[in-house]
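This report concerns only the one structure given below.
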Amino acid sequence: MKAQKLGSNTIQRIKQISIAVLFSGAAILFYACENNNLEEIKAISAPNELPVMEAENFETTYTDSGIVRFTLKAPKLLRFENDGKTFSEFPFGVEIRQFDAEKNIVSSITADYAKEFLKEEKWEAKNNVIVTNAEGDTLKTDYLIWDRKNGKIHTEEFVKIISEDKIITGTGLVSDQEMKDWEIKKPQGDVWVTVKENNTTAEEGSVEEPEQNETPALPKRNKPNDVIQFK
């Protein structure tokens, strides 16, 4: 049987179908690319990735039963709400002071960066973290968690505690938030120091010449209610 020749109408119809398929494929490809771009844009500029509040030179006071317990100062505050979680970010550092019922400063915390998780009542402090208690003892570390709800601070990083007569170093620390009762998990040793008493030279800031294996003297600590200021 011989093959029949296709009529001109049939050929024209095939051409129309081919063109329609070509345009449909192009449209689908364009839509897919456009959709992907839109998704990328949405991911970059998603509302929950942007702060819901922003403040410069932020200051606030935390009270309990009308009594001031904490004050907070920060160059900048950013507040976020992501997946039902609310937290505040302090990208340029923070200074927090804690008070007793008589409005005496019992401790202070400063850091170059911090986050406050509002619902959990927890703080995360990073970079040049410094805690000072009422006795003038100073804790230095690069990372610290402050559990405000339970009144605890802790870290697994290297720590240094400077007191009036010695310097203690180690890794890891747990303490109450006033730093009255603290413990270094892995202490590396104590370095005892001496301070000149009633000596004009010492009062001017110089120290005794250290003997062999002796650390130079430290200047006197601050008064109990003084808080070390860090820039």
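FYI, side chains are in, hydrogens and waters are out, and symmetry mates aren't considered; it's all heavy atoms of this structure.
- Although no hydrogens or angles enter the test, the distance criterion places no donor-acceptor pair under 3.5 Å between the side chain of N150 and the main chain of K152.
- Atom OG1 of T71 sits about 8.5 Å away from atom CD1 of I96, to the nearest 0.5 Å.
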**Request:** Test salt bridge (Lys or Arg N to Asp or Glu O under 4.0 Å) on K76 and E89 and set out the steps.
**Result:** CA-CA 8 Å; K76 189 169 188 176; E89 183 180 17; over 6 Å; no
**Request:** Carefully, step by step, assess S107 and Q98 under the rule side chain to side chain donor-acceptor pair (under 3.5 Å).
**Result:** CA-CA 5 Å; S107 67; Q98 181 183 358; 2.9 Å; yes
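- When all heavy atoms of F80 and P51 are compared, the pair lying nearest together is CE2-N, 3.6 Å.
- A side chain to side chain contact (heavy atoms under 4.5 Å, CB included) with V131 is found for exactly one of D137, L173, L144, T138, namely L144.
- The minimum heavy-atom distance between Q177 and I153, with the atom names listed, is CA-CG2, 4.2 Å.
- G172 and V159 get closest at one heavy-atom pair: O-CG2, 4.2 Å.
- Both V94 and Y62 belong to a single network of hydrophobic side chains, linked directly or stepwise wherever heavy atoms of I, L, V, M, F, W or Y lie under 4.5 Å apart.
- P91 and Y113 get closest at one heavy-atom pair: CA-CD1, 3.7 Å.
- Figure legend: K115 and F87 shown as a cation-pi pair, the cationic atom lying under 6.0 angstrom from the six-membered ring centre and within 45 degrees of its axis.
- With S163 contributing its side chain and K166 its backbone, the two residues share a donor-acceptor pair below 3.5 Å.
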**Request:** Evaluate the side chain to side chain contact (heavy atoms under 4.5 Å, CB included) criterion for residues T171 and K185: first the C-alpha distance (whole Å), next the side-chain angles of each, then the deciding distance (0.1 Å), finally the verdict.
**Result:** CA-CA 6 Å; T171 303; K185 295 181 179 180; over 6 Å; no
**Request:** For R97 and E95, run salt bridge (Lys or Arg N to Asp or Glu O under 4.0 Å): C-alpha distance rounded to whole Å, both residues' side-chain angles, the deciding distance at 0.1 Å, then the answer.
**Result:** CA-CA 7 Å; R97 293 183 179 185; E95 177 187 13; 3.4 Å; yes
**Request:** Show your working on side chain to side chain contact (heavy atoms under 4.5 Å, CB included) between K126 and E124 and close with a plain yes or no.
**Result:** CA-CA 7 Å; K126 297 179 180 179; E124 178 185 39; 3.5 Å; yes
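- Distance alone, capped at 3.5 Å, places no donor-acceptor pair between the N133 side chain and the K180 backbone.
- No side-chain donor-acceptor contact under 3.5 Å links E156 and Y143.
- Taken together through direct or relayed side-chain contacts under 4.5 Å among Ile, Leu, Val, Met, Phe, Trp and Tyr, W123 and M53 form part of one hydrophobic cluster.
- Between E120 and K85 there is no salt bridge, since no side-chain nitrogen of the basic residue lies less than 4.0 Å from a carboxylate oxygen of the acidic one.
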**Prompt:** When you look at L139 and M179, which way does the side chain to side chain contact (heavy atoms under 4.5 Å, CB included) test go after all the steps?
**Reply:** CA-CA 9 Å; L139 162 68; M179 262 192 67; 3.6 Å; yes
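- The cluster map of Ile, Leu, Val, Met, Phe, Trp and Tyr, joined by side-chain heavy atoms under 4.5 Å apart, puts W146 and I184 in the same cluster.
- Interatomic distance, R79 CZ to E116 CD, rounded to the nearest 0.5 Å: 7.0 Å.
- Remark: the backbone N or O of L118 is not paired with any side-chain donor or acceptor of T86 at under 3.5 angstrom.
- What you find for F90 and A74 is that their closest heavy atoms are CD2-CB, 3.4 Å.
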**Criterion side chain to side chain contact (heavy atoms under 4.5 Å, CB included) on T141 and F158, from CA distance to verdict** = CA-CA 6 Å; T141 185; F158 175 81; 5.7 Å; no
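- Checking side-chain atoms of D181 against main-chain N and O of D176 turns up no donor-acceptor pair under 3.5 Å.
- Without hydrogens or angle criteria, S65 side chain to I67 main chain gives no donor-acceptor distance under 3.5 Å.
- Remark: F99 engages no residue in a ring-ring contact (aromatic ring centres under 6.0 Å, His included) (not counting sequence neighbours).
- Transitive grouping of hydrophobic side chains (ILVMFWY, heavy atoms separated by less than 4.5 Å) brings F70 and F58 into a common cluster.
- A distance of 4.5 Å separates CG of D112 from CG of N128, quoted to the nearest 0.5 Å.
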